[in-house]
Amino acid sequence: QPAQRGQPRLPVVAKCVAFLDAHGLDLEGLYRVPGSSATIRDLKALFNQNDEVVVLDDHHCGADIAGLLKLFFRELPDPLMTSALMSDFLAATAQSDHNAKLIAIREGTLRLPDANYETLKVMCGHLHRVCQNQATTKMTVENLALIFGPTFLEGGGGAMAPAQMQLQFECVKCLILYQ
């Protein structure tokens with residue numbers, strides 16, 4: 001169900017981000033170290049059954065929750081930043097003037113559907129916190145942009161040209177840095 005601007009996101013995103021902000025910002029390799037496939041599969045099934053009642057607590061592993069969150073974005077039928085707006089985001093990122101680039105990317109985010117906008121806002125804030133803790137997490141903004149670029153801004157399932165992949169990486173990097 002789409003959320004209105006400023007209202008809570010999808011429960012799986014909200015719960016995973018809250019857990020990782022509380023328990024994952026001190027984990028080395030957050031989002032890089034794989035979680036348990038079986039645990040991630042079980043958590044996905046719980047969220048699919050009734051996402052409102054799932055409780056993530058201290059007995060859960062940060063790598064499992066990070067893996068669940070990555071899986072959620074990979075399995076979206078349309079990327080978070082939408083296939084329809086992909087070329088606009090890439091064109092915005094290709095601008096040579098840094099301020100114009102940031103403005104154009106921001107304008108693109110404002111054209112996202114409400115649920116996508118709110119989810120992207122929450123995720124970029126979270127990823128910014130992860131890279132602020134890079135001394136511990138060992139996850140730089142570049143690491144995070146490489147991981148989340150293809151899931152936030154994918155080219156409709158087809159292979160992207162290297163130049164497009166670079167723009168995708170730069171776009172997500174800007175979103176994380178300047179969220």
Side-chain angles (χ1 to χ4, degrees), residues 2-3 9-21 24-25 27 29-37 39-41 43-45 47-48 51 56 61-94 105-106 108-109 111-131 134 137-179:
R9 299 77 53 206
L10 302 167
V12 66
V13 174
K15 290 179 180 190
C16 288
V17 166
F19 177 88
L20 292 169
D21 280 349
L25 297 180
L27 299 176
L30 183 64
Y31 292 112
R32 189 179 61 234
V33 173
S36 160
S37 297
T39 302
I40 293 168
R41 184 182 59 245
L43 285 167
K44 177 185 170 190
F47 273 101
N48 286 340
D51 56 12
L56 301 177
C61 167
D64 294 339
I65 305 305
L68 176 65
L69 198 53
K70 290 189 304 185
L71 178 65
F72 171 79
F73 287 111
R74 274 195 312 270
E75 291 186 345
L76 287 175
D78 193 38
L80 181 61
M81 295 172 69
T82 75
S83 297
L85 292 174
M86 185 188 78
S87 61
D88 294 345
F89 281 113
L90 297 182
T93 307
I105 292 171
R106 172 74 175 144
T109 64
R111 292 196 328 248
L112 288 169
D114 292 338
N116 297 53
Y117 173 85
E118 289 300 324
T119 301
L120 181 65
K121 182 177 160 185
V122 166
M123 282 302 300
C124 288
H126 165 67
L127 295 173
H128 186 81
R129 291 185 291 280
V130 172
C131 71
Q134 68 181 314
T137 65
K138 308 293 187 216
M139 296 302 291
T140 64
V141 68
E142 290 84 7
N143 296 138
L144 295 167
L146 280 172
I147 291 168
F148 284 95
T151 55
F152 285 0
L153 190 63
E154 182 54 57
M160 292 181 107
Q164 285 183 310
M165 289 171 55
Q166 182 62 33
L167 290 173
Q168 177 191 66
F169 166 80
E170 288 296 328
C171 182
V172 174
K173 182 178 166 185
C174 286
L175 286 167
I176 295 169
L177 284 174
Y178 303 105
Q179 34 82 45

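When reading the values below, keep in mind they use all heavy atoms of this one structure, side chains included, and skip hydrogens, waters and symmetry mates.
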- Item | Residues Glu154, Arg74: salt bridge by 4.0 Å N-O rule | no
- Query: Would you call Asp88 and Arg111 a salt bridge, taking side-chain N to carboxylate O under 4.0 Å as the test?
  - Reply: yes
- No-hydrogen, no-angle side-chain donor-acceptor test under 3.5 Å, Glu170 and Gln166: yes
- Message: When you compare the side chains of Ser36 and Asp64, does any donor N or O come within less than 3.5 Å of an acceptor on the partner?
- Response: no
- Message: Quick check: do Phe148 and Tyr31 have side-chain heavy atoms less than 4.5 Å from each other?
- Response: yes
- Query: Tell me, do Leu56 and Leu43 make a side-chain contact under 4.5 Å, heavy atoms counted?
  - Reply: yes
- Message: Testing Leu80, Val17, Val12, Leu76 one by one against Thr119 for a side-chain contact (heavy atoms from CB on, under 4.5 Å), which residue passes?
- Response: Leu80
- Any donor-acceptor N/O pair, Gln179 side chain to Cys124 backbone, under 3.5 Å: no
- Message: For the backbone of Leu68 and the side chain of Lys44, can you confirm whether one donor and one acceptor N or O come within less than 3.5 Å of each other?
- Response: no
- Message: Before you tell me yes or no, could you show the steps for Leu167 and Phe89 under side-chain contact (heavy atoms from CB on, under 4.5 Å), namely the whole-Å CA-CA distance, both residues' side-chain angles and the distance that decides it to 0.1 Å?
- Response: CA-CA 9 Å; Leu167 290 173; Phe89 281 113; over 6 Å; no
- Thr137 versus Val130, closest heavy-atom pair with distance: OG1-O, 3.2 Å
- Item | Met123 vs Phe152, side-chain contact (heavy atoms from CB on, under 4.5 Å): CA-CA, chis, key distance, verdict | CA-CA 10 Å; Met123 282 302 300; Phe152 285 0; 3.8 Å; yes
- Task: Supply the atom-to-atom distance Met81 CE to Asn116 CG, rounded to the nearest 0.5 angstrom.
- Result: 10.0 Å
